[in-house]
Protein chains: 2
Amino acid sequence: MDKMNSKNKTFIDKLRSSGLRPTNQRVEISKFLFDRKKTFHFTVEELKNSMNSKRSKKISTATFYNTVHALKSAGYLKEFSLENNTSYYDTNITSHHHFFDNGKVIDIKSDKITFQKLPEAPKGKKIKNVEVVIRLENNN
Amino acid sequence: MDKMNSKNKTFIDKLRSSGLRPTNQRVEISKFLFDRKKTFHFTVEELKNSMNSKRSKKISTATFYNTVHALKSAGYLKEFSLENNTSYYDTNITSHHHFFDNGKVIDIKSDKITFQKLPEAPKGKKIKNVEVVIRLENNN
DNA sequence: CACATACTTTAGAATAATTATAAAGTAGGT
DNA sequence: ACCTACTTTATAATTATTCTAAAGTATGTG
Ligand SMILES: [Mn+2]
Ligand SMILES: [Mn+2]
Ligand SMILES: [Zn+2]
Ligand SMILES: [Zn+2]
């Protein structure tokens, strides 16, 4: 287990624990998603274009969808939606909030928003999470 | 201007002020949406099925989409999205919040949630609105 | 009323995002 | 090397939505 190998461990393990064999395509996708400093937001189409534009041998659309879905089901990605019938994914899976600014999505750390009052869940239900979207517009 | 007429006024005026002539189809749609006690949430497909199932002469899909879009642009409907690439519309256009419970959407009155702390908008931007989604799950 | 004209409705085609299918490829284990 | 299960991929299918163009309707004018 050399340096490269242990550095890769995290994103390869995400594949394994999502029930996916770490094939070349999947490893590259997982590396692209998780082997970086900052988390980010993306659509599958954006992911596909970003990765395939740099490659001679393209990864197929189905593999992007399949891999993203598996990673999402395993909890390594969060899905959200804007008002445009496309799924967005977030590599930041911690509970946090967002600014929506004309289709652009910006994270708000969880501790930047606190509540004075929250409703209780209906009978037989409990709160799974609370997420805030702050929609922005230009000044003036 | 008889009783029927003035009772219809509200939803017919919504069409007029959305730039739409009050044709039969549009009046029926607007009546279905707004001439009722409680506000509700719907997809265009649901709206179409609810209305057309009771009718012999069906209203076309395009008319549903066109009418909903015009009413939304004029501010008589709010659009939102769940995690399934379909647009939902809300006849409650006041600022309010939602419980999401397995695809079911329940209103939370604005005054049921208050904030202790909120972030400021980035430079050159201001806050248009703040909306909270509380995701529910079953107890235990 | 008799048209002209502009606005509407509609069926069906087109598009975009996503999912399904099934054939060809690949990776381990023996 | 070989079997077998898992993968990838091209392509078809599906779903939500939008577009198009033709046929229908309303309104104003003489
Ligand atoms: Mn829309
Ligand atoms: Mn999905
Ligand atoms: Zn985020
Ligand atoms: Zn609502």
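Chain naming here is simple, since letters A, B, ... match the order of the sequence lines and numbering starts at 1 in each.
When the side chain to side chain donor-acceptor pair (under 3.5 Å) test is applied to A:Gln25, no partner is found at least two apart in sequence or on another chain. With sequence neighbours left out, the ring pair (Phe, Tyr, Trp, His ring centres under 6.0 Å) criterion links A:His97 to no other residue. In this structure B:Phe34 satisfies the ring pair (Phe, Tyr, Trp, His ring centres under 6.0 Å) test with no other residue, sequence neighbours excluded. Residues passing the ring pair (Phe, Tyr, Trp, His ring centres under 6.0 Å) test with A:Tyr88 are A:Phe80, sequence neighbours excluded.
The side chain of A:Arg21 approaches C:dA27 more closely than any other nucleotide in the set C:dT10, D:dT9, C:dA27. For B:Thr61, the listed nucleotide lying nearest its side chain is D:dT18; candidates were D:dT7, D:dT18, D:dT9. Proximity note for A:Ser87 (side chain, C-beta onward) versus C:dC7, D:dT8, C:dT18: the nearest is C:dT18. Of the candidate nucleotides D:dC6, C:dA17, C:dA20, C:dA17 has the atom lying nearest to any side-chain atom of A:Tyr65.
Residues from residues 39-59 of chain A lying near DNA chain D, meaning a heavy-atom separation below 4.0 Å, are A:Lys57, A:Lys58, A:Ile59 in numerical order.
At the phosphate of C:dT19, OP1 or OP2 sits under 4.0 Å from a side-chain N or O atom of A:His69.
Among the heavy atoms of the strands lying under 4.0 Å from A:Thr86 are primed sugar atoms or P, OP1, OP2 only; no base atom is included.
Map B:Asn24 and B:Tyr88 each onto its nearest nucleotide of DNA chain D; the residue landing nearer the 5' end is B:Tyr88.
Among residue pairs with one or both ends in residues 18-29 of chain B, those qualifying as salt bridge (Lys or Arg N to Asp or Glu O under 4.0 Å) are B:Glu28-B:Arg55; sequence neighbours excluded.
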